[in-house]
There are 2 protein chains.
Amino acid sequence: MSEVAQLADVSPSTVSLYLRRPDEVSTRRGERIQSAIDKLGYLPNTMAGGLASSRSNIIGVIVPTITFSFFSETLETLEKSLRAAGYQLLIGNTEFDASREEELIRSILSWNPSGLVLTGFSHSRKSVSLLTKSDISIVEMWDYGQEGLDMVVGFSHRTCGRLVAEHLIRNGYQNMAFLSTNFHRDIRANERYLGFRDAVVASGGSVELRELVGRSNTAEAGKLLRILINEHPETQALFCSNDMVALGAMLECQRQGWSIPERLAIVGFGNQDFTGSTLPPMTTVEPPRQEIGNHTARLLLTRLRGNDSTNTETRIDLGVRLIVRESS
Amino acid sequence: MSEVAQLADVSPSTVSLYLRRPDEVSTRRGERIQSAIDKLGYLPNTMAGGLASSRSNIIGVIVPTITFSFFSETLETLEKSLRAAGYQLLIGNTEFDASREEELIRSILSWNPSGLVLTGFSHSRKSVSLLTKSDISIVEMWDYGQEGLDMVVGFSHRTCGRLVAEHLIRNGYQNMAFLSTNFHRDIRANERYLGFRDAVVASGGSVELRELVGRSNTAEAGKLLRILINEHPETQALFCSNDMVALGAMLECQRQGWSIPERLAIVGFGNQDFTGSTLPPMTTVEPPRQEIGNHTARLLLTRLRGNDSTNTETRIDLGVRLIVRESS
DNA sequence: GTGAAAGCGCTAACAT
DNA sequence: ATGTTAGCGCTTTCAC
């Protein structure tokens, strides 16, 4: 920067000012500075800037995994909005391991971020104390219904499970099953199960639970379904923890010659691209993947800009949409 | 840090030393410092550290999108290895927009990163000049066959296309088609097409090209396939730019009653989880998603640790595996 | 093994 | 509108 200043024949602080608020520098010097920047190929040092201003343009985001299309789509919209506002995302993934979250929070906090986005409400005691002490803006996303640390953007997974149950009950199904990946670690899949089960049981029906443990979800979904139907031939409807599992189940039905939805109704979760093209088209739940990203960015930006007037809205329930097609 | 020093009754520089190389501090003081850190909940300021040492533990990664399972799996393995070595990833996505890459490079370079990972060989002139000037370690991944800026980890998409062509030719197919998403922007899908077409044409066959342009890949794959078969009923085999497109094509064949592979052979790309469960199981290409991440991390770490002895290996062709199942 | 001192590249008062 | 000055919170010589 001092090189730029020298070449443009101004003081370093004028260069700094020009970089941050160009219109507060006279046109003549502004042009000189700009041409010096271009000539030298100068790139400002973000760390030095962050240190000096004791703020950073960093926003941390912690998700269970970036390989699920749910989260990667949320991340992509989030990053788009925040980058446009000049922020840099620091992404960490826990791989559904609660103990890793604390480590990631620590690592992100050491960057002195302006904000932090977490997935869900479940955090270790230590994490919570780190966060409350650090006093930064926090959004917990992809869930809704608990008090939360600060701001919340998501939907209730229990309600989602209940919605699916009510739909199936309405269509006359009674004996149901829930097929899940990652059941013991994915709290939100768990919640969907609970909402589903409670509603089904309340209506006099039954719910069998099966968890996938292998590596290939689609293949194992088929295998587990075969076993399930063998043990519980009375099963009439199946709610899956995601669309890939549901696809596996549908393909298995085809192999077995079980008609959908007559022999077995199937409902997915995710409304992934392919669900409209399966045979038959799949009934599924659409979570607000992109909306979560957009609203999270909006809440964060509002807070960081310090518009206290709009600061009252801090909890957003985006709900889910049940996409009824022909598989149920 | 000075607070910690005060509480532990040592100098700040001893605390700093303890944090970086604990064994060079006496046990007694080390313990005092650690307890002071715990008591105060002290977190080091990474930016200050980076500024003072004029190095950073940052490694930038630029991918077209994080929503493709290809890239997100590579990212996940890459981040795992690099985080374990103490590095922080800064992820940017271009959304297949070449002009955004330059902006991202600029933004990442301003963090003074230790290394940078790019996807493919195609960069603007300005980007290249920024990179060569910055003199950091660079890995271009997910492609192979060009000289590259520094290190290269990937595979040849042209060879991949040729492999698929040879497999189909061997099985007696002559009239083929290539169905692609994002064809005009995804250089690597383009290369696969070229490798495929050249081999097919060289053997006396023909290749029709169709590009998906809508939002739903699976649905549009079906639609385009229907039109294609109507216009070119002689088509015997189809190579798709990814597994989702291939799934859409397979589902369309089912709807139309076209048997696979008798009426139409289908080959995907990606070897996604579900491809083993389709009806029939899908022939597809397995790109080395995770291996790319691992080797990229390895090369980068070797370079950053300055082991000049092992520094000779800078170009790795990981190849692809053709997974022959029953759809071809 | 430990501490004092200088400085990393900026920003933020403040004075002009 | 511009320049001077004093840090931001660390790391890194270099003495001791």
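Bear in mind that the values here come from a model prediction, so they are computed numbers and not experimental data. Heavy-atom basis, side chains included; hydrogens, waters and symmetry copies ignored. In what follows, chains carry the letters A, B, and so on, assigned in the order in which the sequence lines appear, proteins first and then strands, with residues in each chain numbered from 1.
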Among all residues two or more places apart in sequence or in another chain, which pass the salt bridge (Lys or Arg N to Asp or Glu O under 4.0 Å) test with A/R106?
-> A/E102
With sequence neighbours excluded, what pairs up with A/E73 under the side chain to side chain contact (heavy atoms under 4.5 Å, CB included) test?
-> A/S69, A/R289, A/Q290, B/T67
Check B/G154 against B/Y144 and note the closest heavy-atom contact, atom names and distance.
-> C-CB, 4.0 Å
B/E101 versus B/S124, side-chain donor and acceptor atoms under 3.5 Å | no
Does anything in residues 4-15 of chain B pair up under side-chain hydrogen bond (donor to acceptor under 3.5 Å, both in side chains), and if so which pairs, sequence neighbours excluded?
-> B/S11-B/S13, B/S11-B/T14
At a 4.0 Å cut-off to heavy atoms of chain B, the contacted part of DNA chain D spans D/dG9 to D/dT12
Contacts satisfying side-chain hydrogen bond (donor to acceptor under 3.5 Å, both in side chains) that involve residues 110-119 of chain A (not counting sequence neighbours) are A/S110-B/T46
Polar pairs (N or O, both sides) under 3.5 Å between protein and nucleotides 6-10 of chain C?
from: C/dC8; atom 1: O2; to: B/A52; atom 2: N; distance (Å): 3.1
from: C/dG9; atom 1: N2; to: A/A48; atom 2: O; distance (Å): 3.3
from: C/dC10; atom 1: OP1; to: A/Y42; atom 2: OH; distance (Å): 2.7
from: C/dC10; atom 1: O5'; to: A/Y42; atom 2: OH; distance (Å): 3.4

Residue pairs, two or more places apart or on separate chains, that pass salt bridge (Lys or Arg N to Asp or Glu O under 4.0 Å) and touch residues 45-63 of chain B | none
Do any of residues 23-37 of chain A sit with a heavy atom less than 4.0 Å from DNA chain C, and if so which?
-> none
For the helix from C/dG1-D/dC16 to C/dT16-D/dA1, how many degrees between its two end axes (five pairs per end), to the nearest 10°?
-> 30°
B/Y18 atom OH is separated from C/dG3 atom P, nearest whole Å, by 15 Å
Which residues satisfy the salt bridge (Lys or Arg N to Asp or Glu O under 4.0 Å) test with A/R298, sequence neighbours excluded?
-> A/E313
Name all pairs fulfilling the side-chain hydrogen bond (donor to acceptor under 3.5 Å, both in side chains) condition that reach into residues 36-45 of chain B, sequence neighbours left out, sorted by first residue then second.
-> B/Q34-B/D38
Determine whether more than 12 heavy atoms belonging to other residues, nucleotides or ligands lie under 6.0 Å from atom CD of A/E24.
-> yes
Do the rings of A/F70 and A/F68 sit parallel, tilted or perpendicular, given the 30° and 60° boundaries?
-> perpendicular
Select base, sugar-phosphate, or nothing to describe what B/R55 touches, counting heavy atoms under 4.0 Å on all strands.
-> sugar-phosphate
Any salt bridge between A/K80 and B/E95, counting N to O under 4.0 Å?
-> yes
Salt bridge (Lys or Arg N to Asp or Glu O under 4.0 Å) contacts touching residues 133-154 of chain B (sequence neighbours left out) = B/D150-B/R303
